[in-house]
Amino acid sequence: MIDYQSHLNPAQWEAVRTVDGPVLVLAGAGSGKTRTIVYRLAYMTQQGVPPQRILLLTFTRKAAQEMLHRAGQLMGHGPAALHGVQGGTFHAFAYSVLRRTPPPGFPDRCTLMDRSDAETVMREIKSTAGLGKGDRSFPKTGTILDHYSKARNKELPLDEVVKQESFHLIPYAGAMQQLCDAYAVFRREKGLLDYDDLLFGLESLFRHDPETLARCRERFSHVMVDEYQDTNLVQDRLVTLLVGTGEPGSMGGNVMAVGDDAQSIYAFRGANISNILTFPDRHHGTRLIKLEQNYRSTQPILDLTNAILSQAQAQFRKQLFSDRTDGPVPRLVRPLSDRTQAQIVCEEIIRQCAAYGPEQVAVLFRAGYHSYHLEVALNRAGVRFRKYGGLKYTEAAHIKDAMAYLRVAVNPADMPSMHRILAQVEGIGPKTAASLFNALMAGDAKTVAKLTKKHPQAADMLALLDRLRAAPPRPVPLLEQILEFYQPILERLHPDDHPRRRTGLEELVQIAAGYEDAGQFLADLHLENPEQPEAEGGPAVCLSTIHSAKGLEWRAVHIIDLVEDRFPSRQALLKAEDFEEERRLLYVACTRARDELSLYVPTSIYKRGQNISEPATASPFLREMGVHVFEEWREGYNGMLSKWGGMAREPGSTPAAPAKAQASPPWQPSAAVPKAPPPVSQAAQPAPGDLGWCRHKVFGRGKLVQHLPPDKYRVNFPSFGLKVILAEYLEREE
DNA sequence: AGCAGCTCAATTTTT
DNA sequence: TTGAGCTGCT
């Protein structure tokens, strides 16, 4: 038996043992929220709730799996003890229902579109409608979809969103509406679901088909929802539909919502903070439990995060406290520029890696591209890092190519996939692909015959697709057929690096091996980001956007680019609510740190357009924080840091303070790509036949792809892509 | 119609 | 730096 009370504090224990009826747990950052959910899962099953009747909705699939795993371990039976618990995101849950029963108005077989599929469809609609042709200020395909999705998630009319978000697009609101209407019709006709359709589709299914709703209610007796502050209106309605609010036939309101209103950072995609604030009003008899003791960070760090929150508009008031009263005061570092910032952070990271290990060090930033300089600096210093929030594995062109065949096998009307496949045939472009697809859909045999005669490869392709559709939907055998057909196309499309891409495709087959059903495989690939297959190479420093860092923690955390226009981002300055969200974002970032926290305010930012560095203003959040919560350091022209108002520090004398290595020369503006000739080692000439790996001063480790006589190589660097480099700048590895 | 090459513009966050 | 979309050539 688990001794719950000795493992949990009183508030946690109350949350764990309150199994029935509505519960709202307000869990401050680092207050043992995950621990509470894990123990509650174990407790519920020990109380006799069958695991398969528990629904655990989390923000990512990974979070759900980790909780189930830990709960299983806790019970000493491994994960099998909780077999049958349904866990994942709202989107994944919705699709698991919709896969069997499509939403009203949709055909029987539907496939899921990701963002770029949606763009393909919208582009096609735009060109059919002939809207925006030759008008340079007409909103881009992506912009239209952004606004459409925002309008749906916030449940506002499109023109209202346009008015709020993009003043300059108001003249185009009518045209945008027209295109979005056509896009909606198209999805219904072709059986294509975008992300938002999953949520609204499930809701409309529940409302139009009481039997399905009844089945779901019967199936689940208890629902837990994590990160409730980031749910939007439709997600909240889905929860209410599932658990009911006490009406007969509902599950009796056994719902636990867990969240922290101070950590709401997804309003931009429609998250509605009042969902959590008004939860007790809407679920009668809600037990409200607050977790306020922080087990993660030292008190000096919490003093700073409390200072951030004290300026926020009051919601549920809370004051985090910790037993860990010791520890260094957070540092505010003012580098001369954004590029010296990279240098300083890099050196600091090297020190911390030695002290804590690389996996305990992270750099967080507002937007993906803010880490560019740092990536260069880390590579040059030979520090391993992994970046989160960037491009995803499933977005690589060849992966999408292969998946498109599989998707057409599941849904023959899948237009973006069909488009993608047909365009692989030499001589077929957007126009021919569109007319062939339309002819196929309309059963226009004459046109099909005419086009396939002209493009024999397309005929082979259609024959393959017919075979795939006739075969049982087992993903591995299907993929094997697909890859056989696709291989020559791959070699033609990517002459310089098809072997590497081939490896990626084989990994895809490996992932598919875990699935019996192709439809399920496709859904999971779209709805979760499969953990990066490049997990090779052991521990690494983490570079991440703050959004992707949610729920994680490290012993040492750096937050860079705390200047106006970057953090808060420029557009957030216009509206008060956006500004508030930026503040919470900073709060989330700072509460990731356990022992050491460093904030960086570069004094100037390099402007890409001109060759000019402009002075930067410190983020307003720092100014309102007050100086007592951090220690301030400035970089001098000699590259040394000195304590503001105090004496210059001797390098290395205070391990807790930023150390700037003396050995490194002062940063030079042109140093992004060093002119100094790197040593030409004798081994620098890679053997032509055996293209292995190499190392570059700036870009780091890369795969040699092709020799370009006489003296250049095409190299693929994991974080920088393909580059052509002079051989003398490369060092052969192993 | 397709394709290469060019110009210009823009850069938030994610299921 | 990258990408999207336009122009002009084949």
Side-chain angles (χ1 to χ4, degrees), chain A residues 57-63 88-95 112-116 118-119 123 126-127 132-143 145-146 149-150 152-153 165 193-199 227 230-232 234-235 264-271 364-370 372-373 375-376 388-392 394-395 423 425-436 451 454-455 523-529 544-550 561 565-573 578 581-582 584-585 588-589 606-609 672-673 720-723:
Chain A
L57 294 170
T58 52
F59 207 68
T60 64
R61 162 77 159 260
K62 215 174 104 200
T89 60
F90 273 95
H91 292 84
F93 168 66
Y95 194 57
L112 216 56
M113 291 191 294
D114 66 10
R115 170 58 184 237
S116 84
E119 283 184 9
R123 230 188 320 273
K126 217 167 119 186
S127 108
K133 229 180 354 190
D135 180 353
R136 269 191 110 63
S137 46
F138 195 88
K140 302 241 156 63
T141 310
T143 311
L145 285 171
D146 284 342
S149 176
K150 203 166 235 182
R152 295 175 82 193
N153 280 290
E165 305 279 329
L193 301 169
D194 65 17
Y195 288 126
D196 300 331
D197 286 332
L198 294 177
L199 304 179
E227 311 279 16
D230 287 324
T231 55
N232 62 21
V234 63
Q235 287 170 329
S264 158
I265 54 174
Y266 280 92
F268 71 89
R269 74 172 204 214
L364 307 181
F365 32 84
R366 178 68 182 82
Y369 68 90
H370 289 169
Y372 180 76
H373 289 307
E375 288 176 47
V376 173
Y388 295 89
L391 278 180
K392 282 186 204 135
T394 42
E395 280 162 15
V425 176
E426 233 172 339
I428 293 188
K431 285 282 187 245
T432 314
S435 42
L436 182 47
L451 289 170
K454 195 167 168 198
H455 304 284
D524 278 9
L525 220 53
H526 276 111
L527 292 172
E528 344 283 340
N529 25 343
S544 174
T545 60
I546 297 169
H547 285 88
S548 303
K550 184 172 186 181
D561 283 330
D565 276 12
R566 288 197 167 196
F567 198 164
S569 81
R570 174 176 307 184
Q571 23 212 327
L573 291 171
D578 290 349
E581 176 146 314
E582 298 284 308
R584 293 192 294 268
L585 201 52
V588 168
Y606 180 74
K607 292 280 168 179
R608 50 210 176 281
V673 177
F720 295 89
L722 281 175
K723 306 257 179 221

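Model, not experiment: these values are computed from the prediction. A, B, ... follow the sequence lines: proteins, then strands. Residue 1 opens every chain.
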Task: For A/Leu198 against A/Ala94, the heavy-atom pair lying closest together - done: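 Answer, listing the atom of A/Leu198 first, then A/Ala94: O-CB, 3.5 Å.
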Distance in angstrom units between [X] [atom1] and [N] [atom2], rounded:
{"X": "A/Arg584", "N": "B/dT13", "atom1": "CZ", "atom2": "P", "answer": "18 Å"}
{"X": "A/Glu581", "N": "B/dT14", "atom1": "CD", "atom2": "C1'", "answer": "12 Å"}
{"X": "A/Leu364", "N": "B/dT13", "atom1": "CG", "atom2": "P", "answer": "14 Å"}
{"X": "A/Glu119", "N": "C/dG5", "atom1": "CD", "atom2": "C1'", "answer": "13 Å"}
{"X": "A/Phe59", "N": "B/dT14", "atom1": "CZ", "atom2": "P", "answer": "10 Å"}
{"X": "A/Asp565", "N": "B/dA10", "atom1": "CG", "atom2": "P", "answer": "16 Å"}

[N] OP1/OP2 closer than 4.0 Å to side-chain N/O of [X]:
{"X": "A/Thr545", "N": "B/dT14", "result": "yes"}
{"X": "A/Thr141", "N": "C/dG5", "result": "yes"}
{"X": "A/Ser548", "N": "B/dT14", "result": "yes"}

Open item on the list: Using side-chain heavy atoms (C-beta onward) and a distance below 4.5 Å, is A/Glu426 in contact with A/His455?
Closed with: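 No, too far: nothing below the 4.5 Å cut-off.
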Task: Whether A/Phe268 stacks on the six-membered ring of B/dT13 base, 5.5 Å and 30° limits - done: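 Ring-base stacking flag set for A/Phe268 and B/dT13.
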- [ ] For nucleotides B/dT13 and C/dA4, find the distance between their P atoms and express it as a whole number of Å.
- [x]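 Those two atoms are separated by 15 Å.
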Task: Derivation and outcome, side chain to side chain contact (heavy atoms under 4.5 Å, CB included), residues A/Arg566 and A/His370 - done: CA-CA 9 Å; A/Arg566 288 197 167 196; A/His370 289 169; 3.8 Å; yes
Task: Contact letters for nucleotides 2-8 of chain B, in which S counts primed atoms plus P, OP1 and OP2 and B counts the base, heavy atoms under 4.0 Å - done: SS----S
Task: A/Thr89, nearest nucleotide to its side chain (from B/dT15, B/dT12, B/dT14) - done: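 Nucleotide nearest to A/Thr89's side chain: B/dT15.
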- [ ] Tell me which nucleotide among C/dG5, B/dT13, B/dT14 gets nearest to the side chain of A/Lys126.
- [x]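 Nearest to the side-chain atoms of A/Lys126, counting from C-beta on, is C/dG5.
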Task: Residue pair A/Ser149 / A/Asn153, side-chain donor-acceptor N/O under 3.5 Å - done: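 The answer is yes; a qualifying pair exists.
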Open item on the list: I'd like to check the ring pair (Phe, Tyr, Trp, His ring centres under 6.0 Å) partners of A/His547; sequence neighbours left out, ordered by chain and number.
Closed with: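 Scan of A/His547 (ring pair (Phe, Tyr, Trp, His ring centres under 6.0 Å), adjacent residues dropped) gives A/Tyr266, A/Phe268.
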- [ ] Could you grab the distance from atom CG of A/Asn232 to atom CG of A/Leu199, nearest 0.5 Å is fine?
- [x]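 Separation between the atoms: 6.0 Å.
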- [ ] With heavy atoms under 4.0 Å as the rule, sort A/Phe90 into base, sugar-phosphate or nothing.
- [x]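 No contact.
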Open item on the list: Given the structure, check if the side chain of A/Arg366 and the base of B/dT13 hold any donor-acceptor pair shorter than 3.5 Å.
Closed with: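 When only heavy-atom distances are counted, A/Arg366 does reach the base of B/dT13 through a donor-acceptor pair under 3.5 Å.
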Task: side-chain contact (heavy atoms from CB on, under 4.5 Å) involving A/Ala433 - partner list, sequence neighbours excluded - done: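 Listed in chain order: A/His419, A/Leu422, A/Ile428.
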Open item on the list: Taking the nucleotide of DNA chain B with the nearest heavy atom to each, does A/Tyr195 or A/Lys140 sit closer to the 5' end?
Closed with: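 Final value for this comparison: A/Lys140.
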